Number of protein chains: 4
Amino acid sequence: MSRSVDKKEKAARIGSTAITVFRKLGYHGARMVDIAEAAGIGKGTLYEYFRNKDEILRFEFERYFAAFQSGATAAMAGADTPADRLLSLVHFAFDHVTDWEDHCGVYVDYFGSGRRGEEAAFSLANIYTVVEDIISRLIEEGQASGEIDRGLEPDATAELLVSFFDGVVLHGVFSERRCKAESLRAAALRLLTSGVLVGAADRRAEKRGDERFERGG
Amino acid sequence: MSRSVDKKEKAARIGSTAITVFRKLGYHGARMVDIAEAAGIGKGTLYEYFRNKDEILRFEFERYFAAFQSGATAAMAGADTPADRLLSLVHFAFDHVTDWEDHCGVYVDYFGSGRRGEEAAFSLANIYTVVEDIISRLIEEGQASGEIDRGLEPDATAELLVSFFDGVVLHGVFSERRCKAESLRAAALRLLTSGVLVGAADRRAEKRGDERFERGG
Amino acid sequence: MSRSVDKKEKAARIGSTAITVFRKLGYHGARMVDIAEAAGIGKGTLYEYFRNKDEILRFEFERYFAAFQSGATAAMAGADTPADRLLSLVHFAFDHVTDWEDHCGVYVDYFGSGRRGEEAAFSLANIYTVVEDIISRLIEEGQASGEIDRGLEPDATAELLVSFFDGVVLHGVFSERRCKAESLRAAALRLLTSGVLVGAADRRAEKRGDERFERGG
Amino acid sequence: MSRSVDKKEKAARIGSTAITVFRKLGYHGARMVDIAEAAGIGKGTLYEYFRNKDEILRFEFERYFAAFQSGATAAMAGADTPADRLLSLVHFAFDHVTDWEDHCGVYVDYFGSGRRGEEAAFSLANIYTVVEDIISRLIEEGQASGEIDRGLEPDATAELLVSFFDGVVLHGVFSERRCKAESLRAAALRLLTSGVLVGAADRRAEKRGDERFERGG
DNA sequence: CATGAATGAGGATTCATTCAT
DNA sequence: TATGAATGAATCCTCATTCAT
């Protein structure tokens, strides 16, 4: 048993190191030796813990995915209304990206290489489906309870929100960030809740005012 | 003069083909032979038109970048107010992604491989800077004219918008799109203009109402 | 520790084999596979010991150069007068060429390819400078002690002697030798000591006789 | 006829240019394009005048060889005694190297690549045989007439002299010359005629004196 | 368990040569 | 005759993976 624990722990340490290396050198650019050296072990030892290069990434991706799922679940559990749950989710997403920054960068590199339909269980498409479904349902609930704009198409909006989130990740990977994470998060929340344009919000508010009259009438 | 060949045009044809191949096989996965075969030429001929694999991508990236710049400029030129220009830009961005879909996919793959500060002239960071500056100024103008929410921090919002846009691109690369591009675009525009939450828009509208009284008073 | 291999020794064995291959096929004509096969190892293994083709030659050249230097030093150490040292040096040079025959042949091939000023530390020019300086000084000493003809210009003679030596090497490379090494060496020594022409030696001897008289008088 | 003259002349011009290029870039390093460009013609045109890269060198080598032969013959024709002929030959050799410097350099490069027995008609071994035979006979004649030291083995000495000559060439190829050609030539002549060592010449002269007595007695 | 020496499949790139114009 | 576009054979080198110790 203790042996098995040791092995797992060492695999975790290696995997974690590997991500750092992948991040710096790119998945393709990183050689097995680089990882081994960074982990302070021999090249051959790597293969005692992982079948091959891909396997290391899969291992880490699983951790990443699991952390996302449990974190997202927890975030939503702490909120009452659908809208709050949505905002909590966004907050969590920002935190998650910060905590798993290197991972995110690596996945852009790795999954970006047109490997699309390769394996259902091991792809971002997978995580997307899960999250988009959650958000879509959240939106529907929010629309039912009147908290969320009924004019939005739940599926499209969900996909869009996830896309936006990806974009924030991607942007950090592609270019040095110019603004601080905090002001970015603030802008994101403000934008998501009330949009950019003053006129549009007004018009909608007015329209809704009319609706109330009409309904009320 | 020997066999007359329009070198410029042939280079364009090869580059275009290469992008398709890159998209399908990934930049790393695509072998020079693959590109040559796809272009219906010999392996060596490739090197008559491009110094190496990288050069092909650079060539295409330049075209992509140029198209983006001129397109964005044109889009904004056709609009009167800052807010309209912003919306035009968003519209154009969606069109651009559609027109240059393969390119976008390839760049995610290529630039994702931690090659960050390599060369100023050849990186997405470059395009980002340009666009973010434009948007930032647009927001400031919109805020000055009262069209855009003054609570938004121009720089952060600009970076965020570009990030969002990237996200939409990335999402298409990473997973098969679930919604039609049209409904996605509609959702995006609605979201950008008035946000998701009903309450927030209301609250803001009300606040502004108060301001009017105060001002008026 | 894994398979214990004396890396130093193996590198030496590979390098030595490589020289043989270079000699037979020419530096350019020899493919890495040829070397690997001759050494009884895999192509990739070569690169465990040497960064590239060039590096193999450099490695061997260093050995050759070191052997020359220590050998020349030892040869001269065993002689008393400058003239003896010079003759010892010539003897050693002949021995050296015999011992390092393949090397010499390879260097003609390698350094002959107009790569002149490439790298100070790695060129025959280097070895030449060292040797020519030694010989030049030897001649000066010999002239001072009256053993060597004072009419000779030390620098030019030194360069010439080294050139002659090179010529002997080169000749073996370019064409099958017609005479036995021994008779060649004998001829060289005779020629170096007293020249070819009878008349000249006589004339000089006579002149010197006159000088003696003049001095004596 | 004029056509044929044109062709020949152009071939000569191309060949001459090629030698310059070979000299600068090495035979292997020089690409056909380099030669074509240097000659101011198209790559394909090269093949109108020469079957292939090798052929260019052969063509030039033939010129070089012919010039050597006729020059050597003329040099010897102008001298009366064997010893004078030998000295004339040496003088001519020095002139020849100067006139055909680039050629010499190229041949070191080209023939140095272990291509030994390839083709009798096209190799330095060929030229060597011719020259060595001439010199050997010259020495025998000189020995018969008493002008040349009878202790020298004609064949070995001939081979040696040619080797020496090669050495002077080689040295110029391998390293920047330190001494002026003139002082080198002077040293060479002095060395060849009377050697380096004073004592040896004396001893020999004395010995010969004894011989005279003995013979005379 | 740990290791690193050995390996060869695989890919980018070069360049002499051909040949249609 | 002159040309340069096209070509693929040939070669260097990399690196994931194996395996003897």
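Numbered from 1 within each chain, the chains take letters A, B, ... in sequence-line order. Not measured: the values here are computed from a predicted model.
For Met32(D), the listed nucleotide lying nearest its side chain is dT17(E); candidates were dT17(E), dC12(F), dT17(F). For Thr45(B), counting side-chain heavy atoms from C-beta on, the closest listed nucleotide (dT7(F), dT7(E), dC13(F)) is dT7(F). Here the nucleotide nearest the side chain of Lys53(D), chosen from dA16(E), dA12(E), dT17(F), is dA16(E). Side-chain proximity of Ile41(A) to the nucleotides dC15(F), dT3(E), dC12(F) is greatest for dT3(E). Out of dA2(F), dC15(F), dA12(E), the shortest distance to the side chain of Glu48(D) is found at dA2(F).
Under 3.5 Å, the side chains of Asp102(C) and Tyr64(C) contain no donor-acceptor pair of N or O atoms.
Residue Asn52(D) contributes atom CG, which lies 17 Å from atom P of dC15(E) at whole-angstrom precision. The interatomic distance linking Glu55(B) (CD) with dT13(E) (C1') rounds to 14 Å, in whole Å. Rounded to whole Å, the distance from CD1 on Ile14(A) to P on dT3(E) is 9 Å. Remark: P of dT14(E) and NE2 of His28(C) are 15 Å apart, rounded to the nearest angstrom. The distance between atom CG of Leu25(D) and atom C1' of dT14(E), rounded to the nearest whole Å, is 14 Å. As rounded to whole Å, 11 Å separates atom P of dA5(F) from atom CG of Asp6(B). Rounded to an integer number of Å, the gap from Leu57(A) CG to dA16(F) C1' is 16 Å. Rounding to whole angstrom units, CZ of residue Phe50(C) and P of dT7(E) are separated by 15 Å.
Taking only side-chain nitrogens and oxygens, Tyr47(B) never comes nearer than 4.0 Å to OP1 or OP2 of dT14(E). For the pair Lys43(D) and dC15(E), the criterion of a side-chain N or O lying under 4.0 Å from OP1 or OP2 is not met.
Heavy atoms of Tyr49(C) sit under 4.0 angstrom from primed sugar atoms or phosphate atoms, though from no base atom. Nucleic acid contact for Ala36(C): none, since no nucleic acid atom lies under 4.0 Å from a heavy atom of the residue. Across all strands, Leu46(B) comes closer than 4.0 Å to no nucleic acid atom at all (heavy-atom distances).
Using a distance-only test at 3.5 Å, with no hydrogens or angles considered, no donor-acceptor pair links the side chain of Lys24(D) to the main chain of Ala30(D). Here the side chain of Tyr49(D) pairs no donor or acceptor atom with the backbone of Ile56(D) at under 3.5 angstrom. Looking at Ser16(B), its side chain never comes within 3.5 Å of a backbone N or O of Ala12(B) through a donor-acceptor pair.
Relative to the ring axis of Tyr27(A), Lys53(A) places its NZ or CZ within 45° and under 6.0 Å from the centre.
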Before giving the answer on side chain to side chain contact (heavy atoms under 4.5 Å, CB included), spell out for Leu124(B) and Ile127(B) the whole-Å C-alpha distance, their side-chain angles and the decisive distance to 0.1 Å.
CA-CA 5 Å; Leu124(B) 288 178; Ile127(B) 214 172; 4.2 Å; yes

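Residue order along DNA chain F, read from the 5' end via each residue's closest nucleotide, puts Val33(C) first among Val33(C) and Gly44(A). Positionally, the nearest nucleotide of DNA chain E for Gly29(B) lies more toward the 5' end than for the other of Gly29(B) and Arg51(D).
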State the dot-bracket string of DNA chain E. Criteria: Watson-Crick or G-U wobble, both atom distances under 3.5 angstrom; notation: ( ) intrastrand, [ ] crossing earlier pairs, | interstrand, . unpaired.
.||||||||||||||||||||

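Residues Trp100(D) and Ala67(D) approach most closely at CZ2-CB, 3.2 Å, considering heavy atoms.
Remark: Asp54(D) engages Arg58(D) in a salt bridge, criterion side-chain N to carboxylate O under 4.0 Å.
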